[in-house]
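Below you'll find the structure, written out as structure tokens, and then a few comments.
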Amino acid sequence: MVKVSKSKYITNPVYLRGVLMGAILAVGANAWLYALQGYQKRKEEEERSVKTIKQTLLNTADSTSEEKLERCSAILKYGIAEDGRMVRYYTNHALVYNQQMRIPVWVAEHLTKENLQGKSTRRFATFMPDPAVDEEFTAENSDYWKSGWSRGHMSPAGNNKINPAAMQDSFYLSNVVPQNYENNAGYWNRLEMYCRDLTKKYSNVYIISGPAMIPEEEEDGKKYVKYQVIGENEVAVPTHLFKVIIVEDKHGATKAVSAFVVPNKPIGFEHHLKEFEVDLPGLERVLGIKLVKNLDRDKVESLCKVDGCKLIGKKEFELYFIGRKLESANTRERVEKVWSELEEKKLKPDRYLKKLYQKKLEEFEERERAKGS
DNA sequence: CGGATTGATATG
DNA sequence: CATATCAATCCG
């Protein structure tokens, strides 16, 4: 059956014959003959002309690449349009930047036990526009202020303690995307910790991270890509974040690879990282980026299958940053307040934390004695 | 570890 | 005077 309601069938010869049959009944045999002759004539003409064009192309269109280059050089007299999607190199990471969205396309890192060491901290680094990005295409801090979104590192500060230059490079907004606060400090933070932890087991950990805009089906049943933009520069808020992790043994042999796509929203402790694992080719199709080129994929197993992809647990996580807060506390009151968090959250301090607490208290007692004397 | 906010000070 | 900069403080 021919569905005339669909426009694509209008030009179908079968449909055209149907129209012609209608014409016969309507206007009689003479008219039918006339119409048929006209149709056949037009059809023959069209076939002839298509054949002619094909023949012409075959005979004349095989211009050399030099000729094409010469012609296109003329066409591009006013310059070749640039989107700034070159690879940009930094002290401890590499990335491609998206000038339209004002966020990275992808950010690549290489982690080892050794290059995770160092004393550089975020205290001496500042979020700022990347001086290597054209001013007209950069994000600014003001875009993020009061936007409801935090500035989320793709190459995290915690991976760049090796020296101050690496630390500062990671604070350029070319390495930053608008990220949900809770996601950034929570789930994504734990994923980054897991990556660092992998260096204890694997000699080399290669990571590619970045934003993803995932299409979503709306009420009309059609799919759309929808994302918020923030600030004067209209920085794009990714719907998701992706991370690809490749691990190697001490011989440089690839041991496992996994790709993850995490929604840019709060994710609780009840979600296992495996829930967000996706197949790499699928991710690459969504992104339109061949993320990993030098890898024999069929021979490499899933990281989650090999290593488990277990993130740090809730209690362990909370204890960890209570320790961090305790270390940075500079008044007795602050120490006591942080310590009281343990009771509130029903956490039991480990030996390290107890020692740290005692050490801090002694520190302040000594300071007070020094003042008094 | 991941972040923001505020207030004092310096600067044009 | 308005806007950078930095130190201190805070939260998950």
Side-chain angles (χ1 to χ4, degrees), chain A residues 107 109 111 116-129 131 139-162 164 166-168 170-173 175-200 207 209 230-232 235 237-238 241 243 262 264-271 273 311-347 350 352-353 356 360 364 367:
Chain A
V107 181
E109 301 173 274
L111 270 50
L116 281 178
Q117 303 302 311
K119 292 183 294 182
S120 296
T121 74
R122 46 190 303 145
R123 280 201 54 200
F124 305 107
T126 315
F127 284 110
M128 63 170 72
E140 295 174 291
N141 286 322
S142 56
D143 297 321
Y144 286 83
W145 289 340
K146 295 175 182 174
S147 70
W149 299 91
S150 72
R151 293 168 291 191
H153 283 85
M154 289 297 93
S155 174
N159 292 359
N160 290 284
K161 295 162 77 171
I162 189 164
M167 179 60 67
Q168 180 52 54
S170 79
F171 275 76
Y172 291 150
L173 294 179
N175 179 46
V176 166
V177 307
Q179 190 174 1
N180 171 271
Y181 286 70
E182 200 175 318
N183 181 289
N184 195 359
Y187 203 84
W188 196 255
N189 189 9
R190 290 162 63 216
L191 175 52
E192 289 168 345
M193 288 175 168
Y194 173 65
C195 291
R196 285 191 285 270
D197 202 53
L198 284 169
T199 62
K200 295 174 184 169
I207 305 171
S209 313
I230 56 173
E232 281 188 7
V235 181
V237 180
L241 302 172
K243 198 179 274 291
V262 179
N264 191 6
K265 64 183 186 187
I267 310 283
F269 287 86
E270 69 276 15
H271 290 283
L273 182 55
L311 301 183
I312 189 173
K314 184 175 183 178
K315 294 203 168 184
E316 201 183 345
F317 185 56
E318 287 178 335
L319 274 177
Y320 178 79
F321 58 68
I322 282 180
R324 288 291 163 176
K325 285 185 200 175
L326 216 51
E327 276 181 3
S328 63
N330 45 16
T331 65
R332 176 195 285 271
E333 290 72 25
R334 178 67 180 162
V335 170
E336 296 294 1
K337 189 178 178 186
V338 172
W339 193 251
S340 71
E341 277 185 42
L342 289 171
E343 278 188 24
E344 286 169 32
K345 292 175 179 168
K346 297 179 178 171
L347 300 166
D350 54 13
Y352 164 78
L353 219 55
L356 183 62
K360 276 287 178 181
F364 292 123
R367 203 177 293 177

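Just the heavy atoms: all of them, side chains too, but no hydrogens, waters or symmetry mates, feed the values below. Below, chains carry the letters A, B, ... as their sequence lines are ordered, and counting in each starts from 1.
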> Only one of A:M193, A:E182, A:K243 clears side-chain contact (heavy atoms from CB on, under 4.5 Å) with A:W188; which?
Replying inline: A:K243
> Just checking A:K345: base, sugar-phosphate only, or nothing, at a heavy-atom cut-off of under 4.0 Å?
Replying inline: nothing
>> Nearest whole Å is fine: how far is B:dC1 P from A:N183 CG?
In response: 19 Å
> Does A:Q168 reach the main-chain N or O of A:T126 with its side chain, forming a donor-acceptor pair under 3.5 Å?
Replying inline: yes
>> Applying side-chain hydrogen bond (donor to acceptor under 3.5 Å, both in side chains) to A:Y320 and A:R324, what does each step give before you reach the verdict?
In response: CA-CA 7 Å; A:Y320 178 79; A:R324 288 291 163 176; 3.2 Å; yes
> Starting at the 5' end of DNA chain B and moving along, which residue's nearest nucleotide shows up first, A:F127 or A:T121?
Replying inline: A:T121
>> What is the separation between atom CG on A:N180 and atom C1' on B:dG2, rounded to the nearest whole Å?
In response: 12 Å
>> Restricting to side chain to side chain donor-acceptor pair (under 3.5 Å), what partner residues turn up for A:W149, sequence neighbours left out?
In response: A:Q228
> Expressed in angstrom and rounded to an integer, what is the separation of A:E318 atom CD from C:dC11 atom C1'?
Replying inline: 12 Å
> Is the A:F171 ring parallel, tilted or perpendicular to the A:H153 ring (thresholds 30°, 60°)?
Replying inline: perpendicular
>> Using modelled atom types and a 3.5 Å cut-off, is there a donor and acceptor pairing between side-chain atoms of A:Y187 and backbone atoms of A:K265?
In response: no
>> Between A:K345 (side chain only) and A:E318 (backbone N and O only), is there a donor and an acceptor less than 3.5 Å apart?
In response: no
> For A:S155, which residues count as a side chain to side chain donor-acceptor pair (under 3.5 Å) partner, sequence neighbours excluded?
Replying inline: A:E109, A:N160
> What string of B, S and - do you get for nucleotides 5-12 of chain B, 5' to 3', when a contact is any protein heavy atom under 4.0 Å?
Replying inline: --------
>> Strictly distance-based, threshold 3.5 Å: is any side-chain N or O of A:S120 a donor or acceptor partner for the main-chain N or O of A:I162?
In response: no
> Rounding to a whole Å, what distance do you find between A:R122:CZ and B:dA4:P?
Replying inline: 8 Å
>> Can you confirm whether more than 12 heavy atoms, excluding those of A:E270, are under 6.0 Å from its CD atom?
In response: yes
> Does a nitrogen or oxygen in the side chain of A:H153 sit under 4.0 Å from OP1 or OP2 of B:dC1?
Replying inline: no
>> Please check: side-chain N/O of A:K360 versus main-chain N/O of A:E327, any donor-acceptor pairing under 3.5 Å?
In response: yes
>> In whole Å, I'd like the distance from the CD1 atom of A:I322 to the C1' atom of B:dC1.
In response: 13 Å
> So, A:N141 side chain and A:F127 main chain: donor-acceptor pair closer than 3.5 Å or not?
Replying inline: yes
>> Can you measure A:L319 atom CG to B:dC1 atom P for me and round it to whole angstrom units?
In response: 17 Å
> Which of residues 185-196 of chain A sit near DNA chain C, with a heavy atom under 4.0 Å from it?
Replying inline: A:A185, A:N189
Show the distances under 3.5 angstrom between N or O atoms of the protein and N or O atoms of nucleotides 2-10 of chain C.
from	atom 1	to	atom 2	distance (Å)
C:dT9	OP2	A:N330	OD1	3.4

> End-to-end bend of the helix from B:dC1-C:dG12 to B:dG12-C:dC1 (five-pair axes, 10° rounding)?
Replying inline: 10°
